[in-house]
Each structure stands twice: as C-alpha cells, then as structure tokens.
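Below is one structure, written out as structure tokens; the observations come after it.
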Protein chains: 2
Amino acid sequence: MPTTIKDVAARADVSVATVSRVLNGVASVDPAMARRVRAAAKALGYEGNPVARSLRTQKSDLLALIISDIGNPFFTAVARGVEDVAQTAGYSVLLCNSDEDSQKESRYLDIARRSMVAGVLLSPNAGGSDVTALQRANIPVVAIDRALDESIDSVFVDSSEGARSATEHLLEQGWRRPGCITGPREADTAERRARGFREALTQSGTHPSDSLIRYADYRVAGGRAATAELLDSPTPPDAFFVANSEMVIGAIEEIRSRGMRIGHDIGLVGFDDTPWAPFVDPPLTVIDQPAYDIGAEATRMLLQRVNRASTDSSNQTSDLARTVLLRTSLIVRGSSLRRL
Amino acid sequence: MPTTIKDVAARADVSVATVSRVLNGVASVDPAMARRVRAAAKALGYEGNPVARSLRTQKSDLLALIISDIGNPFFTAVARGVEDVAQTAGYSVLLCNSDEDSQKESRYLDIARRSMVAGVLLSPNAGGSDVTALQRANIPVVAIDRALDESIDSVFVDSSEGARSATEHLLEQGWRRPGCITGPREADTAERRARGFREALTQSGTHPSDSLIRYADYRVAGGRAATAELLDSPTPPDAFFVANSEMVIGAIEEIRSRGMRIGHDIGLVGFDDTPWAPFVDPPLTVIDQPAYDIGAEATRMLLQRVNRASTDSSNQTSDLARTVLLRTSLIVRGSSLRRL
DNA sequence: TTGTAAGCGTTATCAC
DNA sequence: GTGATAACGCTTACAA
C-alpha cells in the first residue's frame, strides 16, 4: 500500500486539491502551506500514481519506440539516442520489437495507444504501417529509418546517396561489375538504396542491369541466398554492395563458402557500421549511418509535437510534417579494396 | 474518444457490470444477454482501457525487462526469448536499458513498480540491485544472467564451468600462460568466471597467479585497457580468456595494434557467441550461452509467480526461490588454436 | 442472474 | 487561495 495523495493531504492538514496543486506547481498556493505539503510528501515518501494520473489526464510520460529488429546494432544505437533524450525530458521509453512482423507491430501500436503513451517512434514495417488510429487519438508519431507517409514527421538518412557513394567507391577501386543486394521491395529504404546503386552505375557509363540487383529480406539468411543467386548467374558480379549489416553477414558466409577471397576476388561494401566490422577478414568497408543521432533527433521532434499537442487542443495534423535527412559517411576498410 | 464500457452497455441495453462480466468471462450470465453484449462490443470496436483496469485491479499485463546493456547481443537474444514467451501468454514487455548504471536501473525499477507491472525480469547491476520495494509491493522478480540474492528466482549459466572449459581448452592447445580478463569485482559473474579460470589452472598443476587476472568493466574500452596492462606486465600471458563479447573486441584491438597475430603469438577465447565471431580474423573461439533459452525460461518462472501471486493472496516470499542453471558450450574456431 | 454503487488515485471545475 | 466534489473507465461487493 503505497502512500497516496490523501495521506499527504491528511498529514499536511490540507485538501487533496491543494496537494495536487503544490506538487504540480499549478496555480498559486500559500507558501507556508506549500512548504507543509512538500514536507509531508517527503516524509511519507509520496511518489504519485502514474496510472491514476494517466486515467485522469488521458496521457502518460511514456514514449513507445517500436523497432523492426532488436538484433540489429543500428536499432540498438537508435534506441540509445532515443532513451537519452527522453530521459532528459522526463519521459520513459517503452521499447517494442516488431521483428519485421506486421502483426506484432500493429499489436504494439494498439498497446501504445491504449496505454495512452505520449508519443510513438516507429521504424515502419516493410509492408507499411497503419498509424491512423494513433492520429485519431491525437498521439504524435515520428517515423524512423523509413518514411511512412507525407503527414508523418520522419528522420532518416539519405539512403540513395549512401548507396551511390558505396557503388562509386567500388568502381573507383577497379571493380568492373558491382552487384547490389537490397532489402524487400516494399521497404522504401530498399528501393532507395537500389536506386542509388543504379545512379552510380549510370553515371559511370555502365548500364545498370536489373540482373545485378537482388531484393532480399534484410536478414542474414536472405542475404546469403541472394549472394548465392547472383554468384550463380551467367555473368556474376565481381563486387557487392549489401544494404544492411545483417545481410552482409550472409554475403560473407556465402563468399567464404565458395573459397573466394574478399578484397581479392570479390569486393564488398556493407551498410551500417558495427563494432565488429574492423575485425572481419578483411576489415569491412561500410556506409555508416548516424544511428544515435537519428534516435535523438527523432525524439526531439516527437517531444515538440507532444508539447504542442497538449498546449494546443487543435488537431496537430494541420501542421506540416517535417522530414530530417541526415548524412551517411563512407568508412573505407579492406573489403572494398582490390588487391591482385 | 474511444468506446467505453458504458457505450457497450447502452447499446446492448444492459448494465456496465454485465458487460464487464461477459468480457472477462467471470460469473455466469444469460447466454442471450452475453451474445448481445459481444455483438455490441464488436460493433463498437470496444477495446477496453488498460489504464482504468490497472487502476482498479492494481495490476497490468505488462512485464518489465531491465537489462544492463542493450548493445550486447547476449541481452538482445535474451529479450527475444522473453518476448516470445510473454507474448504467447498475453503479456507485453516493457524493455528498459539500464546501461550498467545503477541510477538508471533504480529509476526503471521505480517506474515498473509504480506502473503496476505484473512482474520484473532483471539483469542486476554489478553493484547489486535493491528490489525490496518490488517485493513489498508483491511484484515477482526473476534475476537473469547474474544472481541477486537468495530470496529471488534466478536463471543463468554455470559461469565458472564455462570459464573452466575455456581455460582447459587453451591449455590443451598448448598455450603456456593463459591470462583472464573478467568483469567488475562486484559482478558475481565476473568472480565466477575468474574462479573457473583459476580452477582450470590449479587442476593442470599451475599456480593461478592473480597477476594473470584483470578485473575490467565488461566494456570494449575496459577490455582493451586490461589487455594492454597484462601484455605490458613483466611476465605477460600468451593467451587470453575474456569474459564477455564486448571486452573481447577491446582485446582484439589491443593485440592487433601491437602487431601480434591471434592464433599464432596469442590465443584467445571469448564468452558469448555473436553473429560476427566466425568472421573475425581468425574466427573467434567462444563459450556460448543459451541466451534465448535464458530469457524464455526466466519468463516462464516469472509468469508462474505472477499467477500464484494473484490466486494466492499470501506473500510469495514464503515460497522457496528457485535457481535454474543452464549449460554453456565451447565453440572452437581459429583464435584459440596454436599455429606456429 | 442482474443492477446499483463504491471505490482505485488523480486532476480539474466549481463554489466559497 | 482553498476545499468539496465530479469525473477518468473499470471491477466487484452487495442487493435485489
């Protein structure tokens, strides 16, 4: 039986209304009384009941972060950024892993809404996510990593630029026929990365044949299968740009299993830096995303909306949605170099 | 304005009490009425308000999982196991990252309690965690990865056995002077792993000098510093057993920076398998923990407590705490082999 | 079997 | 400036 506001009121010999006012710093109360209240609250170790408060105010100090793959270091870095900013602003983060499963995702979206979270950060499922219920409930949403729709704030990197610079780098190193393994067709990041790949090829005067591109599932196994397919094609690529850090593991597996040597017979560039990238043999060249910053920035945007939503009772959808595009960077290591 | 129980009652032309009874399947109600209620609920898309329910029942269908490092693949695998079991049982998981910071941890512990979660899964902070408030509130706790205290259910692996087999393996491979880099003194896993290391040495007839053991912080940088120290000592080790997957990255960094070759000049065994362990140069030998199973099993234990706590009103601390010890396995790859 | 009503712990709207 | 009190949406005695 935790201390309630009643206990505090009784001890301070004031009404519960006054206690609430003092503790929330709303309206003005007699300084002496305020002191009594604060003393009583402290003495009793009063903490307040967030559930009751939520029921009454119809909101909480919880943020939901729904990510599509908790095993992906990119998302854990995002989560850190989110958490740091949220924490500082007095919010806590409910972290949900949808595992790229749209059923799980919509379940979590439901829970978030019904639990009256203050806002939702979402890395949308490849299939596209339905956030209309959230919008109807006036709960702000910010999309992370992938775009959602025009009415939703988003934070992500310029995927096609990243892909382009990866591919250009491969060509500069003397690889003749780069291939591309990207994510599922439904994911806009996958399309953008494929597009950047094509652009680089076109710009270099090569025709970007679709036979050099494979759409996989952003998973290790999918990456491996796609690599095998490409390698088995009549005119196999001599280098790969692989669009995330899970699939690149699969690519490495497959290449190794065929006895080919990365950095000699095959060039390789991944997407997303990881702690282990420097230690694989040879060290992995990657396109790095500022994952922490993505999380932090998205949370800042979300909290802006949250605050506006509470002040202004009007529907926030009237505001224009903002999109923040962060830059990737190329980190050159051994896997993309061409040693003969 | 979501549908409330009142709306359903009005539409079905019954009292709210009846609606509640039908939807919760408690007590018996007239079948015809029940049908009407269900129809109304469906028509209105009634979902129920978990916050109101929690306030009334003083519990929720949320589980809190507080882990000490979200960047560590071991914990993300644990999280997957937790989530799968929880999901199946109709619970959702609030995932919190304490980042090995006891302030953050106790903050999350507080939030969990005050949010009336049904139970808490905790990978205790190295410094030891205070869960007495949770126990007072009758919220079951299960410790993961590290032991907490005798009154708390726990699930973890036999750390000293794992460390012993790692060290024995190193000796069998012909390394003469294995060193050990373990976690912080306050973490019982760190002590246990150091103990296993010592035992293996003793058993082989060597005296396990403390100068071969370093306590670090389970982080990359700490692992690197400890490796450097050991390597700089008057009689440096020729092999390392490193007690987690973060620190082993630091160890590899340091060894490389000195131009030493793992698997030739230096042997190496890590703790925890990771997706990239097969690809570092040379592939990393590790002690593998069944992380997913740890999460799943811990959640099963927790849910047992949760159900008992709700049925039985007596204090659950009277039951004996259970400890489940899972087994590690040695995965031999190149880093522990001794090629001359 | 069903309905009425009392809470759960807050906040917010009133009168005073 | 302060205190009753209604309301948030639900569950659960207790009556009927």
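By convention in this document, chain letters (A, B, ...) are assigned in the order of the sequence lines, proteins followed by strands, and residues within each chain are numbered from 1.
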- Candidate pair Ser129(A) and Asn125(A), rule side chain to side chain donor-acceptor pair (under 3.5 Å), full reasoning: CA-CA 6 Å; Ser129(A) 312; Asn125(A) 196 277; 6.0 Å; no
- Can you give one letter per nucleotide of nucleotides 8-16 of chain D, going 5' to 3': B for a protein heavy atom under 4.0 Å from the base, S for sugar-phosphate only, - for none? BBBBBB---
- In whole Å, what is the span from the CZ atom of Arg35(B) to the P atom of dT2(C)? 12 Å
- Query: Nearest heavy-atom pair of Met116(B) and Ser54(B): which atoms, and what distance?
  - Reply: SD-O, 3.5 Å
- Note on the structure: Here the distance between atom P of dG9(C) and atom CG of Leu23(A), to the nearest Å, is 16 Å
- Message: So if I take the C1' atoms of five pairs at each end of the helix from dT1(C)-dA16(D) to dC16(C)-dG1(D) and get each local axis, what angle do the two axes make, rounded to 10 degrees?
- Response: 50°
- Is any side-chain N of the basic residue among Arg300(B) and Glu297(B) closer than 4.0 Å to the acidic one's carboxylate O? yes
- What's the CE-P distance between Met33(A) and dT2(D), to the nearest Å? 5 Å
- Just compare dG1(D), dT2(D), dG3(C) and give me whichever is closest to any side-chain atom of Val14(B). dG3(C)
- Task: Step by step, work out the side chain to side chain donor-acceptor pair (under 3.5 Å) result for Tyr218(A) and Ser68(A).
- Result: CA-CA 11 Å; Tyr218(A) 276 146; Ser68(A) 45; over 6 Å; no
- Item | Between C1' of dG9(C) and NZ of Lys59(B), the distance in whole Å | 18 Å
- Does the side chain of Arg38(A) reach to within under 4.5 Å of the side chain of Arg35(A), using non-hydrogen atoms? no
- Item | Whether Thr299(B) side chain and Val85(B) backbone form a donor-acceptor pair below 3.5 Å | no
- Task: List the atom of Ala86(B), the atom of Val93(B), and the distance in Å for their closest heavy-atom pair.
- Result: CB-CG2, 3.6 Å
- Query: Do Ser115(B) side-chain atoms and Val117(B) backbone N/O form a donor-acceptor pair below 3.5 Å?
  - Reply: no
